[in-house]
Number of protein chains: 2
Amino acid sequence: MSMKRIRPVLVHTQEAPHSGWKDKILQGHCVSELAKLPPASVDVIFADPPYNLQLGGDLLRPDHSRVDAVDDAWDQFESFEAYDAFTKAWLLAARRVLKPNGTLWVIGSYHNIFRVGASLQDLGYWILNDVVWRKSNPMPNFRGRRFQNAHETLIWASRDKDAKSYTFNYEAMKAANDDVQMRSDWLFPICSGSERLKDEDGCKAHPTQKPEALLARIILSSSKPGDVILDPFFGTGTTGAVAKRLGRHFVGIEREDEYVRIAKERIDAVEPLTDEVLRIAAGKRAEPRVPFASLVESGLVAPGTELTDAKRRYRAYVRADGTIAVGDDAASIHRIGARVQGLDACNGWTFWHVKRGKDLMPIDELRRTARERMQVAAPA
Amino acid sequence: MSMKRIRPVLVHTQEAPHSGWKDKILQGHCVSELAKLPPASVDVIFADPPYNLQLGGDLLRPDHSRVDAVDDAWDQFESFEAYDAFTKAWLLAARRVLKPNGTLWVIGSYHNIFRVGASLQDLGYWILNDVVWRKSNPMPNFRGRRFQNAHETLIWASRDKDAKSYTFNYEAMKAANDDVQMRSDWLFPICSGSERLKDEDGCKAHPTQKPEALLARIILSSSKPGDVILDPFFGTGTTGAVAKRLGRHFVGIEREDEYVRIAKERIDAVEPLTDEVLRIAAGKRAEPRVPFASLVESGLVAPGTELTDAKRRYRAYVRADGTIAVGDDAASIHRIGARVQGLDACNGWTFWHVKRGKDLMPIDELRRTARERMQVAAPA
DNA sequence: CCTTCACATGAATCGACCT
DNA sequence: AAGGTCGATTCATGTGAAG
């Protein structure tokens, strides 16, 4: 995989080799097209690889040598091995273009997902969740010989085990789920009706078109507006259409002319949502940090003020330097809160209270006031 | 494992070395104990192998209590390679004792299930279904860093690709599911309360005891009365207890003295059902909860839609992630409803309305529509 | 006796930032 | 690079005491 062979494809400017690679569909095989993209440049990858082991087309080993097409004459072991080689090849190429804190989503069924999951673990990806897409209207099992196959499986993984700063819009997901945290099982209908793209004959244009709602949940949970979403098995461009609508960039890779044509047309027709609608519900983690000392400095809390816990079991006094004291013991609101309770840790903002008339108010309320004043002083 | 060593057995006489092997717990390592059983003698295998959990340090709840995690020695493996070797060893030994038309069930989480699935495919097992156990009461994700891990995965496989005469009680499953085919996603609570076995100190006797309802569905779906159910990771004997109650034979393999003792006692106390018709107690069929976001995702409410209260005093608009916004303030329909009224809580479903012509319609009506569309899903 | 509240707990790969 | 500090974070259910 020599870098020398990398050339600009579908390039609209002449200058930089990688310029203008966003919001485009690259036509070609996913492994070779991935090799042309700049390294560590993509925030999220969504991949819907072939499920079937009887692949008609090209299979590449990790060294890019070609595997002969799988047919029924091949024994089982060989065909699994061929699928694994194909899987590891694209997973490896995808990992190169993923940012260190980027994440990968793969969808599959029991035919392939166990092989995909094991392969990505072998390559160093670190699984964050497996997520189940429960289909509200799955196809029945016609022969009555098995359970109705009513779900597909998604794997969500970070590039590395130690990557801790991946994007997960926890608060947005929680708010979207009636204020309880989003679970690993999601219910969506399959893609049908007017959403399902048809060709001239009225037949479905693509055999495995995914519902836009599924892609929306994926993109909203694990990316921010302006991020780049890559789909190496683009098909008719569901990922691109949803990414564009949600204010993200997309990159699609697809081999078939016809799918590329349909996807382009589809995405061109998409109207992006406004920034207002797209802003992500942010939790406390995203808010600016306000040290307790600055509340004292700004006069929101006077030195000497008495602090107590909600049940008035413990008392402390505010000192001019922003520490608080119990007896001779002085330290931060967190340290002292932990110490009086005999705990290792404590969030002093929610533990300590000030008197307001007969009632108590957590000092976290004062922090909110301080933050509001900061907003006025220095608007973003 | 050479084919030459396999002999026709299934011995019914006293002389044979394998006589009297049913309804017993074999104490020892699963691979060596499996080797002592007659070949092709077991109808169903249920296996709950170690999950290979990779825990960091301690995990604290928001209230600072410590989570009692699985850190037992039997769940520690050096590497993926070591885990794979262990997995293939027991899967191979298990395959020898399985009848040609017997089936295997394995349960796992994302930590191990992809490796187990790929391994069993490599060994010649043929996957019939993957089944998702949706937990009605899973442990939360305490740090808000991922989706709540709310399910585990089961794989159901036949011994060979060509085995067509495995047992699947299609009609019984359909009858147990309100006369529609049983789906591949099952809803059960985790094992707790009086069903959870405790030791002398009142602590849980086994860290990963499975609910009997889960085993009952497995056994009822894929075996007949009188069949032999083998569990190579017997633990405290849930498989044996349920098999006995349902009129099946069991064989358990377990290493730990203490688990063997508890399991024996437990199974001895089980009274087999005499009823010809064995039915699972129908699970709860509560109304499915519909998050507001799913209305946006499904297109029932467009992003940007204006919401008002019944008297049109307050206005909010819908965002793409299913939160709603008033000015810069965005959160769930409930939170924003509470905030504009200056209340602590609010039922957003009845508070907020959308325009329908000149009139207003509570969004609760839209929820009803969404539920009706979802009824097809028929939760277990 | 009923309601309410406090508390316990379950297969978990569960930070970010500054010095 | 390692270490210290700040400070964010939970849902369903069962049990048992309190009112």
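Within every chain, numbering begins at 1; the chains are lettered A, B, ... in the order of the sequence lines, protein sequences first and strands thereafter.
The base of C:dG10 is paired with the side chain of B:R61 by a donor and an acceptor separated by under 3.5 Å. For a distance-only test at 3.5 Å, the side chain of B:D58 fails to qualify as a donor-acceptor partner of the base of C:dA12. For C:dA11, the base has a donor-acceptor partner in the side chain of B:K210 [N/O atoms by modelled type, under 3.5 angstrom].
Here A:Q121 lies in heavy-atom contact (under 4.0 Å) with a base. Using a 4.0 Å heavy-atom criterion, one finds that B:G202 contacts no nucleic acid atom at all. Within the 4.0 angstrom heavy-atom criterion, only backbone atoms of the sugar-phosphate kind lie near B:N149; the bases stay farther away. Counting non-hydrogen atoms under 4.0 angstrom, B:S109 reaches nothing in the nucleic acid. Nucleic acid contact for B:P211: none, since no nucleic acid atom lies under 4.0 Å from a heavy atom of the residue. Among the atoms of the strands shown, none is found under 4.0 Å from any heavy atom of A:K161. Residue contacts shown for B:D48 include a base, since a base heavy atom lies under 4.0 Å away. Residue contacts shown for B:C191 are absent, as no nucleic acid heavy atom lies under 4.0 Å away. Nucleic acid contact class of B:P189 (heavy atoms, under 4.0 Å, all strands): none. Within 4.0 Å (heavy atoms only), A:I127 reaches at least one base atom of the nucleic acid.
Of all nucleotides listed (D:dT9, C:dG10, D:dT13), D:dT13 comes nearest to the side chain of B:S136. Comparing D:dT9, D:dG7, D:dC6 by their nearest atom to the side chain of A:R335 picks out D:dC6.
If you measure from atom CG of B:D75 to atom P of C:dA12, you get 11 Å, rounded to the nearest angstrom. Distance, A:N347 CG to D:dT9 P: 9 Å, rounded to whole Å. Following rounding to the nearest Å, A:D344 (CG) and D:dA8 (P) show an atom-to-atom distance of 18 Å. The distance from atom CZ of B:F142 to atom P of D:dC11 is 10 Å, rounded to the nearest whole Å. Atom CZ in A:R285 sits about 10 Å away from atom C1' in D:dG7, given to the nearest Å. C:dG10 atom P lies 21 Å from atom NE2 of B:H151, rounded to whole Å. Here the C1' atom of nucleotide D:dC11 and the CG atom of A:D185 are 13 Å apart, to the nearest Å. Rounding to whole angstrom units, CD1 of residue A:I336 and P of D:dC6 are separated by 11 Å.
Remark: of the listed residues A:D179, A:D178, A:N177, A:D179 is the sole one forming a side chain to side chain donor-acceptor pair (under 3.5 Å) with B:S332.
Base pairing of C:dC14: no nucleotide in any strand meets the Watson-Crick or G-U wobble criterion (both distances under 3.5 Å). Base-pair partner of D:dG7: not found among the strands shown (Watson-Crick or G-U wobble, both distances under 3.5 Å). Figure legend. D:dA1 is base-paired to no nucleotide; pairs are counted as Watson-Crick or G-U wobble with both atom distances under 3.5 Å. In this entry C:dT9 has D:dA12 as its Watson-Crick or G-U wobble partner, both defining distances falling under 3.5 Å.
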* To do: Tell me, with the steps shown, if B:R145 and A:Y170 meet side-chain contact (heavy atoms from CB on, under 4.5 Å).
  => CA-CA 7 Å; B:R145 295 296 299 155; A:Y170 175 77; over 6 Å; no
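Here, C:dG10 and D:dG7 have their C1' atoms 26 Å apart, quoted to the whole Å. Nucleotides D:dA8 and C:dA11 are separated by 30 Å at their P atoms, to the nearest Å.
In terms of phosphate contacts, B:R145 brings no side-chain nitrogen or oxygen within less than 4.0 Å of OP1 or OP2 of D:dT10. Distances shorter than 4.0 Å separate none of the side-chain N or O atoms of B:R66 from OP1 or OP2 on C:dA12. OP1 or OP2 of D:dG7 has at least one side-chain nitrogen or oxygen of A:H334 nearer than 4.0 Å. In terms of phosphate contacts, A:Y170 brings a side-chain nitrogen or oxygen within less than 4.0 Å of OP1 or OP2 of D:dT10. OP1 and OP2 of C:dG15 both lie 4.0 Å or more from every side-chain N or O belonging to B:R146. Applying the 4.0 Å criterion to OP1 and OP2 of D:dG7, one finds that A:T350 has every side-chain N and O outside that range.
Both the sub-6.0 Å distance and the 45° axial angle are not jointly satisfied by B:K88 relative to the ring of B:W90. Judged by the 6.0 Å and 45° rule, B:R134 forms no cation-pi pair with B:W186. B:R115 forms a cation-pi arrangement with B:F80, by the criterion of a distance under 6.0 Å to the ring centre and an angle within 45° of the ring axis.
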